[in-house]
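Below, all heavy atoms of this structure are taken into account, side chains as well, without hydrogens, waters or symmetry copies.
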Amino acid sequence: MKICILGAGALGCAIGGVLTEAGHEVWLINRGRALVETLSRDGLKVRDERGDRLVPVHAATHCDQVDASTGPADLVVVLVKSFHTREAIESAHAVMGASTVVLSLQNGLGHEDVLADVVGRERVLAGKTYAGGVMLGVGHIISGIRGKETIVGELDGRVSERALRIAETFTSAGLVTTVSRDIMGTMWDKLLVNVATGALSGITRLNYGALYAIPEVENCAMAAVAEAIAVARAGDIALTTSDPRQPWLKAAEGLPPEFKASMLQSLEKGSVTEIDYVNGAVVRWGARYGVATPVNSALVACIKGIERGLPLPSTAKQT
């Protein structure tokens, strides 16, 4: 397949790396010129359970730089931060063809509606992945792919040929993928995992090894996940678990102690987070169904406060 990954940060590079090694034409799209130049010149440095290795990859800052001689993309995987979704897919017209499929693997809820508004609902698949990645340096990642589940599905619940093909493609590359008949339930299952660790990692600035060593942090995570489970039940969402501890444990399953949640990675880069689409989504759905969410509300408030203290971008400083 010809695959473009929009927002190829640590996770996008990890996924793109294994797909490239499996023989697919993968393009890593990232607005960071330094990263793209490094990937194009030196390749992607990958560290995982097999050790360290170098993977030659295609990279570009914009989709119009993707080699058009091999035709449009079969699949566009969207991994940009939630608040960049519309901008990213609007900029992807150069790689879109009549049968191009757009798959969101982003954290949180609500991205599929944005994508469908731009490219049409018939093109869009939803998905969630428990794979992870950490950027150790420019073009150098820790890849948490092996043994981590990915789920994709049609928005209407059908098990389509294209969903099955994507699942087979990913699985054969080592990213074990299944097709869901209830993608909304799947998305909420993943949301519980993000709720368990994302904000707490961002607030404490701890990697997983340290985060999981503090009983008080675990208790807070349990309370946040319990609220999310209560909200999902009120919204008639079918979850695969009713035990708040399961998402907490699943979040770190198979990942090294030095792994950092994406929310912490964003803050360390001086960027705002996806809190509005994770714990913030729990708060919004809770308000809709009359379910109290004080723990998630507090986590949102803490992350918002940390974001307010971030240095202003250089463009903002000039105005």
Side-chain angles (χ1 to χ4, degrees), residues 9-15 17-19 46-51 79 105-109 126-136 141-153 167 170-180 182-183 185-229 232 238-266 274 278-279 282 299:
L11 176 58
C13 284
I15 292 174
V18 294
L19 288 169
V46 177
R47 177 181 299 173
D48 61 13
E49 74 287 344
R50 292 185 286 163
L79 276 169
L105 289 179
Q106 297 157 283
N107 289 330
L109 299 176
K128 291 297 168 187
T129 184
Y130 293 89
V134 174
M135 195 73 73
L136 293 176
I141 65 166
I142 295 176
S143 175
I145 294 291
R146 305 294 170 180
K148 305 297 284 186
E149 183 184 22
T150 297
I151 307 103
V152 301
F170 283 10
T171 299
S172 64
L175 185 65
V176 178
T177 304
T178 56
V179 178
S180 172
D182 178 19
I183 199 63
T186 296
M187 292 164 69
W188 267 89
D189 280 337
K190 176 62 191 302
L191 183 70
L192 297 182
V193 172
N194 295 137
V195 164
T197 61
L200 284 166
S201 181
I203 293 165
T204 63
R205 302 298 178 105
L206 296 177
N207 61 26
Y208 274 20
L211 194 76
Y212 277 74
I214 304 172
E216 291 83 357
V217 169
E218 179 177 344
N219 292 338
C220 186
M222 297 301 96
V225 175
E227 287 180 1
I229 290 172
L239 300 173
T240 59
T241 183
S242 59
D243 179 7
R245 185 171 175 78
Q246 185 173 329
W248 165 255
L249 295 176
K250 190 165 188 174
E253 191 175 73
L255 295 176
E258 64 268 28
F259 186 83
K260 297 178 181 180
S262 61
M263 214 169 285
L264 174 54
Q265 294 183 54
S266 294
E274 297 178 295
V278 183
N279 304 79
V282 175
L299 293 174

(message) Quick check for you: to the nearest 0.5 Å, what is the distance between Ser262 atom OG and Glu274 atom CD?
(response) 6.0 Å
(message) Any heavy-atom pair between the side chains of Leu206 and Ser201 that's under 4.5 Å?
(response) no
(message) A side-chain contact here means heavy atoms from C-beta on lying under 4.5 Å apart; do Thr186 and Val152 qualify?
(response) no
(message) Any non-hydrogen side-chain atom of Leu192 less than 4.5 Å from a side-chain atom of Ile229?
(response) yes
(request) Kindly compute the distance separating CG (Asn279) from CE (Met263), expressed to the nearest 0.5 Å. (result) 5.5 Å
(message) For a 4.5 angstrom cut-off between non-hydrogen side-chain atoms, does Val18 reach Phe170?
(response) no
(message) With rounding to the nearest 0.5 angstrom, report the CG to CH2 distance, Asp243 to Trp248.
(response) 13.5 Å
(request) Could you tell me the separation between the CG atom of Asp182 and the OG1 atom of Thr240, rounded to the nearest 0.5 Å? (result) 10.0 Å
(request) Supply the atom-to-atom distance Lys128 NZ to Asn107 CG, rounded to the nearest 0.5 angstrom. (result) 6.0 Å
(message) side chain to side chain contact (heavy atoms under 4.5 Å, CB included), that's the test. Do Ile141 and Met135 meet it? Break it down for me.
(response) CA-CA 4 Å; Ile141 65 166; Met135 195 73 73; 3.5 Å; yes
(request) Please report the shortest heavy-atom distance between Leu239 and Gly185, naming the atom on each side. (result) CD2-O, 4.4 Å
(request) Locate the shortest heavy-atom distance separating Ala131 from Ile145; write the atom from each residue and the value. (result) CB-CD1, 3.7 Å
(request) Could you tell me which non-hydrogen atom of Ala224 sits nearest to which non-hydrogen atom of Leu299, and how far apart they are? (result) CB-CD1, 4.0 Å
(request) Could you tell me whether the side chain of Val46 reaches within less than 4.5 Å of the side chain of Ile142, counting heavy atoms only? (result) no
(request) Apply salt bridge (Lys or Arg N to Asp or Glu O under 4.0 Å) to Lys190 and list each qualifying residue two or more places apart in sequence or on a separate chain. (result) none
(message) I'd like to check the ring-ring contact (aromatic ring centres under 6.0 Å, His included) partners of Tyr208; sequence neighbours left out, ordered by chain and number.
(response) Tyr212, Phe259
(request) Evaluate the side-chain proximity of Leu175 to Thr129: yes if any heavy-atom separation is below 4.5 Å, no if none is. (result) yes
(request) Drop me the distance from Ser143's OG to Lys148's NZ, to the nearest 0.5 angstrom. (result) 11.5 Å
(request) Can you see which heavy atom on Ile151 is nearest to which on Ser180, and at what distance? (result) CG2-CB, 3.4 Å
(message) Counting C-beta onward and ignoring hydrogens, is there a side-chain heavy-atom pair between Arg205 and Lys260 closer than 4.5 Å?
(response) no
(request) Compare all side-chain heavy atoms of Thr150 with those of Tyr130 and state whether any distance is below 4.5 angstrom. (result) no
(message) For a quick test of reading the model, state the closest non-hydrogen atom pair linking Val225 to Pro247 and the distance between them.
(response) CG1-CG, 3.9 Å
(request) Might you point out which heavy atoms bring Ala126 and Met187 nearest each other, and give the distance in Å? (result) CB-SD, 4.0 Å
